[in-house]
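Some notes on the structure that comes next.
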Amino acid sequence: MDSGYVKIAEKSEIPIGKMKKFVSHGKEILIANVNGNFYAICNVCTHERGDLSQGTLEGIIVTCPKHKSKFDVTSGKVVSGPKIVLFHPKIADEPSFSVKTENDDILIKI
Ligand code: FES
């Protein structure tokens, strides 16, 4: 195993088109399965700490349940900011983590 990668989940825990929150090394991490490829970003919304795992995943886009900010799960980049009437704050991209799989294991570089 390459140094720096830690097992975070098993593939069978996250069906295609689904996402799930895991906690590792004190970080909340969102793992998303997009057509059999796994991606990992921080699970905590950079706006007001919404729980992204409780939002929705459509293709590669995760939408925060709190104010509907959208992030690209493949990169963590903001696609669109929060939907708050008359107020459109700029928010930061999510940190993203390098992912690899070994057999049924999903590993990420923390
Ligand atoms: S907390 Fe996520 S959009 Fe506001």
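As the structure lists them, so they are numbered: ligands from 1, and atoms in each ligand from 1.
- Looking only at atom types and distance, the side chain of Ser98 has a donor-acceptor partner in the side chain of Tyr5 under 3.5 Å away.
- Using a 4.5 Å cut-off on side-chain heavy atoms (C-beta onward), Leu30 and Val62 make contact.
- Ordered by chain and number, His47 ND1, His67 ND1 make up the set of protein N, O or S atoms under 2.8 Å of atom 4 (Fe) of ligand 1.
- In this structure, Lys109 and Phe97 approach most closely via the heavy-atom pair O-CD2, 3.5 Å.
- A salt bridge links Asp93 with Lys77: at least one charged nitrogen is closer than 4.0 Å to a carboxylate oxygen.
- The pair Lys100-Glu102 meets the salt-bridge criterion, with a side-chain N (NZ, NE, NH1 or NH2) lying under 4.0 Å from an Asp/Glu carboxylate O.
- The 12-atom threshold is not exceeded at CG of Asn35, counting heavy atoms of other residues, nucleotides or ligands nearer than 6.0 Å.
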